[in-house]
Structure formats: C-alpha cells, structure tokens
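Fair warning: this is a prediction, and the values are worked out from it, not measured in the lab. Below, read A as the first sequence line, B as the second, and so on, with proteins coming before strands; counting in each chain starts at 1.
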Amino acid sequence: MTELHLALLLRGPAHGYEVKQAYDRWFPDAKPLAFGQVYATLGRLVRDGLAEVVETRSEGGPERTVYAVTDEGRERLRAWLAEPAPPAVAGTEDVVRKTVVALRTSAPGRAARAVALDQRTAHLRRMRELQARDPAADDVATRLAHRYAVLHLDADLRWLDEAVEALDSPTPEEPR
Amino acid sequence: MTAAPPIPDPSLELRAVAHSYARTPALRGVSLTLHPGEVVAVTGPSGCGKSTLLHAAAGLLTPQAGSVTLLGRDLARLDETERAVLRRREVGIVLQYGQLVPDLPLRDNVALPLLLDGGDLAAARTAAHDALARVGLADAAGAVPQEVSGGQAQRAAVARALLTSPRVLLADEPVASLDATGGRQVLDLLLDVARRDGGAVLLVTHDNTAAALADREVRLRDGAVEHEAVLR
Amino acid sequence: MALLVAVAVLTVHDTVLSGVTSYYRDADGRQVVEVGREPVGGLAPFLAEPGLRPGTAIAAVLLATPFLALAVQALRVGGVLEQRRERQLSLAGAAPADLRRLRAARTAAAFTRGGFWVAPAYLVLWVLLHPALPPGARLLPRLQAELLVAWPVLVLLLRWGGAALGALTPGAAHRRGPLDAAPATSNAPSRAHVAGLLALGLVLVAGGWWWLPLGVVPLAVGAALVLLAVRAATRRSVFTGPRPRARGGTAVALLAAAQRRGGLAAATGTSAVLFVCGLSFGYTSAMAGSLLFPPRGGTEYDSERLTFYLSGAGLAAAVGAVAAAVALASLLLGLTDHLAGTRRAVASTAALGTPLRTLVAVQARCLVRSAVPPVVAGTLLGGLPLGIALLATSSPGGLAPLLAALVGGAAVALACHLLARALTGRVRAATGLENLRVP
Ligand SMILES: Nc1ncnc2c1ncn2[C@@H]1O[C@H](COP(=O)(O)OP(=O)(O)OP(=O)(O)O)[C@@H](O)[C@H]1O
Ligand SMILES: [Mg+2]
C-alpha cells in the first residue's frame, strides 16, 4: 500500500480525495479505497520522510492537505518496482478449498463433479461479464485489470478440468 | 422501419444424434438446439466428439441415429447437392484444420462460395477483399495459403465463412492458432453474426475465454452432453 | 494413410515406368542405334532406300523422342507425394544419404523390372511389326541370337543406370533443411529434364545441318526444343506463361488454375511430351499430305509406293498416338497424385458446398488446359514448315497439318473429359470426411 500511494502521488501533488479517486480508477476491480486508510497511509509517508505536505488549502469547503513525493519516496518506489512480486501460491483460494472438500467427502464421481461443473459455470459467467464490457470505451488500465481477472479465472477453470479428469481415473486410496 | 419477421423455429436442432466411427463411438445421443441470435459454445476434452457434432450439424456427416434439422430442413431428407447448396448459401463453416485451397490466392479462396454460386468474379473479389480487410488481411489478399502464417490462414478461413452473411455459423476452434488480441478480434466478428445480424453461432472451442463469450455452454464428455449452462 | 497412398502411387508409377522403359528400348532405341550403321539386317525397307534414309532417320528420332521424354516423365510421376514423404522422413531423422539410398533402391528396382519385361515386349512388338506386316512395311529385322545374350546385360545395365538415376534425381530435402524445399521451388522442372530437352534440341539442330535436304524440319523442331529447355530452365511453364492463370472467372476455372499451379512440375513435363508427340504427328500429317497431293512438278507415286509410304506415315502417326495416350495417362497419374496430396483441401472445398460434379469439372479443365495447347502447338510446329512449303507449290496437302491440329486437339480434349470422368471415384474419395482430419 505504501508504494501504491507513492506511485499515485508521483503524477503530481494531490490531496487525499484525489489519491483515492486515482486508485479506484487504476484498480477498478479492487475494493474501493477507504478514506480513513488513505489519510492514515499519507500520514505514515510524511512521518517516514517519503512524502511531504506542500500546501494546505481550503476553498470554501473543508480544509485539504496537498501531498507530494520526496526524493526518498521516489527511491523507495524504484526499489519496490525492481523487486519482482512473489509468485502467488494457491491453496487458500475458495475454489480449491471447495473442490478438495467435495473430492474428499463425496463418493467418487457425481457429487464432486457437480460441484466442479457448477463452479465452472459461475466462473464462465464472471468471465463473460468481464469480457463483455466494451474494451474500447475503457482505458488501458481497466482493460488490463479485466484481462488479469479473466486469465486468472481461466487458470482456475483449467485446474478444475484437471480435477474433474482426476476424478475419473481412480487413484490409490488416500488416507482420509 | 422494417422489423425482421420473428422466426420462432430454431436455426439448428440436433435430436438424439449418435454416431460411431469404425470402433469408436463418437456421439451417443446428443441433443442440442440453437436459436437465431444465439451463441452456443461446445466445449469438452479432446476427443469428446466436438468436431463430429459440428460435422453432423453441417450435414457433412450423416449420423447413424437421430436427426439434424438445419434452418427448418431435415438434413436426412436432402440429397448431396441440396445439402451443398444449403451450406454455401446459408451456412458459414470454419473447420478445425486449414480449409484453404493450396495455390489459390486468399482473395479467390475467400470468394469461392460466391463463385460456386455462379457469382460475378469482380463482385466476388470485391466482397472477398472486404471480408479479408475485416479480419486484418487486406495486405495478404494476393498471397497463396502456403505463404501465410497459420493464424493468417485461420483468419482467411473465417473471412470466407463470413462472406455470405450466413444464418448459421459453425466454427470449429476458430481461434486456436491466434494470439489473445487477434483471437478476440476474430471472435467479435463471429459474435457479430449473432448479435448484429441475428444469426445462430455454434462455437466449438477448448478455450475458456472464448467459450465465456457465448450465451450458453454445452459441455461434452465421451460423446454425450455432460452439462449445459446459460451464461447470460 | 499418406504412406499407403504413396505406395499405391508408386506401384502404378513402377508399372508405367517398366512399360515405358521396355517400350522405349526396343521400339525406338534399337532403331536409333542401328540407324548409324549400315542397314545390314535390312532393318526396314525405308532405310534400305538410299534417298529416304535421312528422312527415316529423322522420323525415327521423332518417334523416339516421345518415349524418351516419357521415360523422363515417368521418373517424375509420384513426385509430389514422394517429395512430401521424403520431407517427412527427413523430419523424422533420415539423413540426405539415407534418402538418396532409398531413391536409388526404388528406381533400380523399377528399372530391373522394366528390363525383365523388355524381352516379352520386344517379342510382341516384333510379331506385330514383322510377320504381321506386308514385306514392304516391316520395321524390325529378323530375330537374332545375340539378343538372348544382350537381354541379361541390358537388365544389369538398366539396374545400374536406374540406381544412378535415382541417386542423382534431386530430392526434396537433401539440399538444406527438410522444410526449406518450398512448394514454389519444387515446382520447377528438374535439371535433368532441362538438360534432356536441351540435348535433344541440339542433336536435332545438328542433324538438320547434316541432312540438309530435310534440314528445315529438324532445325525448326530442334530450335523449338532448345527454346523449351531454356524456358523450362527459367522455371516457367512453356505453354501457360509464368504461372497458369484462370481464364474466365468461374470457380471451376480458378480451382483448375490453382491445381495446375500446384502440379506444375508434372504438368510441364507431360506438356513437353505431348508437344513432342504433336511434333511427330504434325510432321507425319504433312508427309501424308504431300504424298496424297504431290506438289506440282514432283514425281507422281504409283499406288504401290504410295501404300508403302503411307503405311510408314500411318505407323508413325500410330506410334505418336500411343505415345500421346501414355503421356495423357501420366498426366492423369500426376493429377491423381495431386489429388492425393491435397485431399484435405478437396474435402474442405466440398464441405464449403461444392458438388462433386463441379470438382470433377475442375479435373477435366485441368487436364484440357494442360494437354490441348501443347498438342496443337506441337502439331502446327511439326507440320507447318513442310505444309507451307507444300502450299507454296499450291498443293492442298499443305493443309493437312491444320486439319491434324484440329483433329488432334479435339481428340485430346475428348480424351481429357473421359479421363476426368474416370477420376470421379478418386475425387469422391478425396472428399471423404476423414480427410478433414488430416492436418
Ligand atoms: N475417421 C475416424 N475414424 C475413426 N475414429 C474417428 C474418426 N474421426 C474421429 N474419430 C474418433 O472419434 C472421437 C471424436 O473425435 P472428434 O474429432 O469429434 O473429437 P474432438 O472433440 O473434436 O477432439 P479435439 O478437441 O481434439 O478436436 C475421437 O475419439 C476420435 O478418435
Ligand atoms: Mg475437433
């Protein structure tokens, strides 16, 4: 989160509300950012010397503090970008949990497969929604975010296919 | 304003279609209905009978049991020529492997359905050129199939299938050799047949992202429908 | 599947090859060989006639050429599948040397088989051409004992020659990588083919100078062949320009043109054979014309001599016709070849909504467009020099080549349509649904 806020400020000095709006635009599929969290984070940045307050203005309305990145903040962002993100490890996903439970609890065959197929339909529906929006109307960031989601759902589906396939080929009895 | 007369009949209806090759049962009683304006994705693991289903729907194969009704006509009652004419006038087909005639420039390859129908060469070529341009192949119109990439050949095949504004489009893995962007462009063209022109589209694919564009998914397994779901 | 088809085509190829080899050896090879010597055995009365010797020699050469060309052509039948098979073998790891060995073994076997058939074929031919004919028209000498010795030697020679030829035939894949041999380059006529044409042309030109009385004809023919060789060397089909183009905008025309582009090598070779057949046909027709309507001031022939000459001309025409038939058959084989090689395209064209009738029409058109122009051109070229000379003396016999061209062209066109009809089964097989699954 720290680095994201730095990145959002990199586009130019901004106050908390603008940071939140930009974030929501960049990551349309993520949960919208809470105000409280924005201000807390910005406060932390200032405390650590990564950002600074450049102006406090009140145009008739409530008072607003405008923040900007410091050189130290820029350096921090650069370092963060240079570090690859840790490859995500599955196992905590709901899809995996449900399917594994279905596999382990039902008699081999029908029930577990029904779970997998229903999951497949749910996934396809979501993919359809994500793909249905006119890509030309959105900006690149939105399209990429959608694509990310679609491809991840696709990965889930492939895994489900393999799971269904595995249901068909009886494996040696596993310890329950 | 002229509204298209409502066509209550399905564009394609397979009833309990069964078919076996020498030893392999490929389809065991598949039923499927496709309505005008609808896109149905047929998916399933390799060898489950998807292509066989498409061939039966196109009247390329006469199933050993069950019936196929294409645009209101029972295919079993039509002779070979009648089926050929029906196919080239009303149906667009994209086959799984290449279907272009070697040594014939893409332009003429795409124009074939019109020419076979006795169309004028210049007009057919113009139409073919437009169709090629829509799939982004305007520059390759003069090339012969041997000279283009697999993806380009596939797009040319799609252009040919779209040429006659078919009422039924049968596509077998139409984007298998295309990258994501190119595949999406081609899929959008295929979907337009249903969304814009009210045709019916049967999309055989193993690509989930392609299947997710359909209105309905029919999933085959060992020659039978395993699961059917509305995605809309 | 592809292998099976290849094998099937190869067997056909072999039988043709053996037939051709034997034919060529005894019918013409002997004549050509013996022409140079004194006509000791009284090879043919034509040769015994001093004034006629040059003419007969030329006729013999003209007769031999279709078979020679055909022998070369026969080697190339099955080439499309063969090249594809070699490419696949080489993808599977066969080295160029392996492929060469394979090719050598294959041609050697075919030539040996052909060699064994030489004797029976010669015997049949001899019966047809010696005892069965009136004394004046006998074309072959009495049977000689040496032939019995010559036969096994010939078989051995043919075997070695075949192996050498097979090894030397440029394969699809032995130049560079297996996928380097693009269809466009493999369509070019082979170098051996071009060299053969060139040699033949030069021989004829030389012969024309040697026997000046009739020199005009071989000169013209020889020059034509040299031209042919040159154009073949520049990788163009002689009779169709740079690439066969569709005349008329029908689907049949376009598909036929595409198919001929695909089978350019075979078509060009066969066209050359048919052209040479046309040459000899045209020449003999002009001869016949000059005999039937002798030029004013020339010698009138009595009926006995007329029969004598006409039977010679008729024989020549008959041999030409047989050669043309065999050439057509090889063209047909080439097409079958091509059909087998492109059966997925045929199947998907049918899937697109093309009736079988249309597909057969494509084959017919393909044959006609490959066969008729060379025959007509050959006939005119072979007959017109003499014909024009005759017309100059206002003998109506000079029109004979024109008539021959017309009749020959029509006959070949008719034959093509019949052959295409005969191909229907093959075309139907190619439209089979399972062919949609051949990647
Ligand atoms: N001509 C044939 N002869 C014998 N068996 C065949 C033939 N064609 C197909 N089959 C068999 O029929 C079954 C169904 O084949 P089909 O081509 O319809 O599968 P598919 O679902 O399209 O597979 P893929 O996703 O790999 O294209 C397969 O088991 C295949 O082996
Ligand atoms: Mg398939």
Among B:Leu116, B:Ile93, B:Val101, B:Val91, which residue satisfies the side chain to side chain contact (heavy atoms under 4.5 Å, CB included) criterion with C:Leu352? B:Leu116
Contact list for residues 66-78 of chain B, test salt bridge (charged side-chain N to carboxylate O under 4.0 Å, His left out), sequence neighbours left out: none
Is it the backbone or the side chain of B:Arg160 that comes under 4.5 Å from a heavy atom of chain C, or both, or neither? side chain
Who among C:Pro355, C:Ser348, C:Ala351 has the most heavy-atom pairs with chain B under 4.5 Å? C:Ala351
To the nearest 0.5 Å, how far apart are OG1 in C:Thr250 and CG in B:Asp120? 11.5 Å
Just wondering, are more than 12 heavy atoms of other shown residues or ligands nearer than 6.0 Å to CD in B:Glu80? no
Can you tell me which portion of B:Leu61 sits under 4.5 Å from chain C's heavy atoms? Options are side chain, backbone, both or neither. both
For C:Ala258 and B:Asp103 the tightest heavy-atom approach is O-CB, 3.2 Å
Between B:Arg89 and chain C, with a heavy-atom cut-off of 4.5 Å, which part of the residue counts as in contact: side chain, backbone, both or neither? neither
Close side-chain approach of C:Leu255 and B:Leu115, heavy atoms under 4.5 Å: no
Mind checking which of residues 49-56 of chain B sit less than 4.5 Å from chain C, heavy atom to heavy atom? B:Ser51, B:Thr52, B:His55
Under 4.5 Å to a heavy atom of chain B? For C:Thr358 that would be side chain
Under 4.5 Å from any heavy atom of chain C, what part of B:Gln96 do you find: side chain, backbone, both or neither? neither
What part of C:Ala347 lies closer than 4.5 angstrom to a heavy atom of chain B: side chain, backbone, both or neither? neither
